[in-house]
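Below: the structure, in structure tokens.
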Amino acid sequence: MARPVLTRPAAPAAGPGGPRPAPSRRLSARTRRLVRPWALLAPALLAIGVLLMYPLARVVWLSFQDYGLDNVVSGQPDYNGLDNYVELLTDPYLWTVALPNTAVFAVFAVGGTVVLGTLIALLLRSLSPLWRTVVTGCIMVAWAMPAVTSTYVWIWIFDVDRGLVFQALHALGLIGPEGFNWFTERLTFYAIVTLNIVHHGFPFVAVTVLAGLLTIPRELHEAALLDGANAWQRFWRVTVPTIRPVFAVVTILSTIWDFKVFAQVYLMPGGAGSNAEVLNFGVWSYVRSFSQQSYGLGSAIAVLLTLMLLAITIVYLRALFRDEELR
Amino acid sequence: MTATTDRAPSGRRTAVAFGKGAAVAAVLLFTLFPAYFMLSSALSRRSGSGTDALFPADPTLDHFVGVFTRGGFLTYLGNSLFVALLTVVGSSLLALFAAVAVARFRFRLRTTVLVMVLVIQMVPLEALVISLFLLARDLNMLNSLWGLALVYVALSLPFAIWMLRGFVAAVPAEVEEAAYIDGASWGRMFWSVLFPLVAPGLVATSIFSFITAWNEFILALTFMNDGEKYTVAVGLRQFFGQNTTDWGAVMAASTIITLPVMAFFLFVQRGLVSGLVSGAVKG
Amino acid sequence: MGQKRILSATAASTALILALSACAGGDSSGGGERTLDVWIMEGTHPDASAFFDEVAADFEERTGATVNVEFIPWADAHDKFVTAIAGDTMPDVAEVGTTWTPEFAQAGALADITDRVGDTSAYVPGLIEAGTVEDRLYGVPWHAAVRAVLYRTDVFEEHGLEEPRDWEQLREAALTIKDAEEDMIAFPVPGGAEYSLLPFVWGAGGDIAEQGDDGTWTSGIDSPQAREGITFFTDLALKDGLSSTGAATWLETDVQDNFVDGKVAMAISGSWTPKAILEANPDLEGRVAAFPIPGPEGGHSPSFLGGSHLSVFNGSEDQDLAWEYVQLLTSDEYARRWTEETTYLPGKQEQLARYAESEDPLIRPFAVQMSQAGRGVPVTPAYGKVQGQKVLQTMVQSILSGDASVEEASATAAETIEKTLNGDG
């Protein structure tokens, strides 16, 4: 999408009536034009540089060290080369627990979020404007719930002894009075996390996809209809290709977000370290660093997570640039 | 879909309408249930079990009173509000400047800056928390609300810049030129022409920054060691640890910290959606 | 027009922020006032703020310094301490769990108080030992704690049960309760409470870890004896169904909360809990008593002899003032009142002696447990790390959830413990 980026014409065109333009002024105006964007960017770049880029570099730095509590207190580094990475990558825990808990979970969470969000967007498009507004407003409620509170609500719903799900299943005779502990089993634990994430994440997808849907010219659909395409075919042949960039963006953004899930795991019973089966990369890194004071090892885990996300981001950028969205 | 219903025979039309109604009901049930259940648990006098809490027979505000008197939530709310407002002001201002720079000027490295802003968003906070903690320690910013807000400004900046860029670019260049023709300086044009025109975008980004700061958990958990300085998210965790079986109280506390966010969200829903779409999708 | 509105909105919000910062950041500027930050553990105590308000008022009268007490839940405390040490945001004085004192001392966080304390013979020897690293003392014993079995006398009477004298009787009693009381958990087997497990490991003759002559640690948590104890403990839940499914992720506080709610018939519980339980649910008054944890074939199973030290932190700007506060808190008057109010056992021998003679059914069994079958965990700075990694909790949880057998889980735990204690973790 071409933007009216302002490349202001040279000064003479600015105002024939103006008495101001003197040669020296014009020169300084040009310098100012060169400097101005950087002056405007400086505060933001400074903040990003000091508070995001530098810490990122430092965490890479830390990942090559054996950094414990005594190192933090004394400030003395203790380099151990690639030891942290060797230890991590040869640890079956990474391959059998942490990675599946991060990546496989993300696949399901993203799939659920995007599919549900798209279905709801299609539903919203078919509603009258009044209903569309009402339903969108209600969807916002799910989005607006802070992660911390929604996690506690889900824990309460799935409470082992008195939760709603237990009572419902018990009343139906599906489980006995001893109940079922959803939080100790990895699969059910992540099923709840997925539910929590999908519930929180689908509104963004629904709203964004809806906006995309509304930009599709009606004629396209009508033409397809004349060709005898049914609703299913029209969806795949007209809707999907037209708003493919939108799908790319919501999928990749959701993927990035779902790889980084923290509070939704950390706050669940056993999620803060006592149940090693359920940690994902983020929580693992945090627990390693702040509960067990292996800041170096925790940093290495964090670096691995960042690399995974970087790979996904590159795909994201490709998707954006291919459609020449950024120009 | 609309096209189909227009032409369908009336029997099928009612079936479609019915299906749609059922779908809407299902969507509403799924989206609203957790919020409803949170509220109903908070209001029920006895929330000993899920079914007791589902339909509060004997509603009471006792849990809310308890949360404010015992739980220290007034302090947490104050802290969160302070941090969030500071974040909003800081990030809106910096993001506006930066957005104008990338949307209104062509300069070397412009694309690089944009890509960097985009890429930095994907860096997981879990990766930064270790070194941010060490940085904050060295700068004596631990246990400081100002320090926390400063980090939040940086965190919310990339998205805010990305989103505001669309709003700034949408302002026609002619408007600016008209201002120059009237003899306005660049600074004057910025404040009296551009700024009011992108104000809706600023509102949307502000909400985003506000919510980022209000909901953020991991940094607040790590930075704030002093219970007096807890933000709502960390305060809720502390409160839950002390009242693990008192779900009524925990849900009341959850409701209290959810309401401001929800109010904001609903209030600016429209701006938010259009802002998001223009920022995140149209690019 | 629009600009004006926005400017005024900006101005208003800035004013609001300034106003807020005035109250939110009110205490940030230090100035000449002397204040003391004190951390006291919470979550298992009854509400202690009244007691500490009084001590603070007294202290202010004596020294002119204000005291700012913060209550820290036990469950978070270790993380919070190490984060504070790492972040240099330590308090001046804190109640430190005895197993953590060596760890924090080695990290350089605690002040050496050997010379300030002087003669230590008045204190319970186990607590002095726990606070000593390389012959220097880093914590004053404040109170001692031990766990025994807390039970509901009304439930026992109703079903004609007597206090069990060995493991089999304990199991039988629980089975009877399980059959008769459908809504009650006969004997919770909490997955997140290491001290509920240890009596069974120790009782069967097992051990967490022992240091050899060459200084290396060997874990006995995978020994046949320890496995027998772990098996007995987890089978109470897995085979006999005496616990609840939810208990697999419970912490000790969850056990306590459920006891308060009347859902638990007996449970391993700390000497400080009866008071808190009765305070939270006065209906239980007179319906709760305790017995020492029985041994496998009679006698007693050892229970963790823990407690708290009061430590002065190195980061404190005025260590003399901090020490004065410690002295005030451990003075005879306040120490006595604290133990009376909390049913914690005192850390001084002379004060403790009185308790062993007490006839109170909520005090005597704990005192007996402590004097006859109290035991410590390995005294080494690295043990705090083992606790930080939640090794024993992870082991129990993986057994309870069926992910690992007792053999597998204990082997993994032993490996982790040895790795951590021997410093390659």
Side-chain angles (χ1 to χ4, degrees), chain A residues 1 3-7 15 37 40-41 43-44 47-48 51-52 55-56 58-59 120 123 126 135 137-142 144-150 152-153 156 162-164 167 207-208 211 221 225 231 246 249 256 260 262-263 282 285-286 289 295 298-299 302 305-306 309 313 325-326, chain B residues 1-4 23-24 27-28 31-32 34-35 37-38 48-51 94 97-98 100-101 104-107 119-120 122-124 126-128 130-132 135 151 153-154 157 169 172-173 180-181 215 217-218 233 236 240 247 250 254 257-258 261-262 265-266 269 273 277 280-283:
Chain A
M1 175 168 277
R3 288 274 174 208
V5 173
L6 189 66
T7 43
L40 285 168
L41 273 173
I48 290 176
L51 295 166
L52 300 180
L56 188 62
R58 188 164 177 190
V59 89
I120 290 174
L123 177 69
S126 73
V135 177
C138 292
I139 284 178
M140 288 296 160
V141 170
M145 290 258 285
V148 177
T149 48
S150 68
Y152 283 127
V153 175
W156 171 213
R162 311 180 245 190
L164 208 52
Q167 289 180 321
V207 164
T208 317
H221 273 285
L225 202 61
V246 179
V249 168
I256 291 176
K260 303 197 278 193
F262 183 84
S285 163
Y286 190 83
S289 309
Y295 298 92
S299 298
L305 175 62
T306 311
L309 287 168
T313 310
E325 286 283 327
L326 205 67
Chain B
M1 281 221 160
T2 29
T4 323
V24 167
V27 169
L28 292 188
T31 39
L32 296 181
F37 192 50
M38 174 174 81
S49 77
T51 36
L94 297 195
F97 290 150
V100 169
R104 275 291 185 255
F105 294 89
R106 280 223 178 273
F107 54 94
V119 171
I120 201 81
M122 68 82 205
V123 175
E126 294 94 314
L128 298 179
I130 301 168
S131 33
L132 277 176
L135 182 69
V151 180
V153 168
L157 258 183
Y180 291 124
I181 291 167
N215 291 357
F217 174 67
I218 180 168
L236 180 62
F240 177 70
W247 281 108
V250 172
S254 302
I257 75 175
T258 306
V261 186
M262 219 166 257
F265 241 97
L266 294 178
Q269 213 213 100
V273 171
V277 171
V281 181
K282 285 197 219 137

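Quick note on labels: first sequence line is chain A, next is B, and so on, each numbered from 1.
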With respect to chain A, which residue among B:Val100, B:Val151, B:Leu157 yields the maximal number of heavy-atom pairs within a distance under 4.5 Å? B:Leu157
Are a donor atom and an acceptor atom from the side chains of A:Gln167 and B:Thr51 found within less than 3.5 Å of each other? yes
Kindly give the heavy-atom pair with the smallest separation between B:Met262 and A:Met145, and that separation in Å. CE-CG, 3.8 Å
Contact origin within A:Thr313 toward chain B - heavy atom pairs under 4.5 Å: side chain
Can you tell which of B:Ile120, B:Leu236, B:Val261, B:Val250 has the highest number of heavy-atom pairs within less than 4.5 Å of chain A? B:Leu236
For B:Leu32 against A:Cys138, the heavy-atom pair lying closest together: CD2-O, 3.7 Å
Over all heavy atoms of both residues, which pair between A:Leu51 and B:Ala154 is shortest? Give the atoms and the distance, please. CB-CB, 3.5 Å
Is A:Ile120 close to chain B through its backbone or its side chain, or both, or neither, when contacts mean heavy atoms under 4.5 Å? side chain
Would A:Val135 and B:Leu28 count as a side chain to side chain contact (heavy atoms under 4.5 Å, CB included) here? Give the steps. CA-CA 7 Å; A:Val135 177; B:Leu28 292 188; 4.2 Å; yes
Looking only at heavy atoms, which two atoms of A:Arg58 and B:Leu135 are closest? And how far apart? NH1-N, 3.9 Å
Residue part contacting chain A, namely of B:Val123, when any heavy atom lies under 4.5 Å: both
Looking at A:Ala302, A:Ala142, A:Pro37, which makes the most heavy-atom pairs under 4.5 Å with chain B? A:Pro37
Output the option from A:Ile256, A:Leu309, A:Ile139 having the highest count of non-hydrogen pairs under 4.5 Å with chain B. A:Leu309
Contacting moiety of A:Tyr286, where chain B heavy atoms sit under 4.5 Å: side chain
Heavy-atom distances under 4.5 Å only: say whether B:Ile130 touches chain A with side chain, backbone, both or neither. both
Pairs of heavy atoms under 4.5 Å with chain A: top-ranked of B:Ile257, B:Ile218, B:Val119: B:Ile218
Name the region of A:Leu52, side chain, backbone, both or neither, that has any atom closer than 4.5 Å to a heavy atom of chain B. both
Please classify the contact of A:Ser289 with chain B as side chain, backbone, both or neither, using a heavy-atom distance under 4.5 Å. side chain
Quick one: sort the B:Phe240 and A:Tyr152 rings into parallel, tilted or perpendicular, breaks at 30° and 60°. tilted
Minimum heavy-atom distance between A:Leu40 and B:Phe105, given as atom pair plus value: CD1-CE1, 4.0 Å
Among A:Ser150, A:Ser285, A:Ala147, A:Ser299, which residue forms the greatest number of heavy-atom pairs with chain B at distances under 4.5 Å? A:Ser299
Indicate the ring-plane relationship of A:Trp156 and B:Trp247, choosing parallel, tilted or perpendicular according to the 30° and 60° boundaries. parallel
Relative to chain B, which segment of A:Leu123 carries a heavy atom at a distance below 4.5 Å: side chain, backbone, both, or neither? side chain
Contact summary for B:Leu94 and A:Ala47, nearest pair of heavy atoms: CD1-CB, 4.3 Å
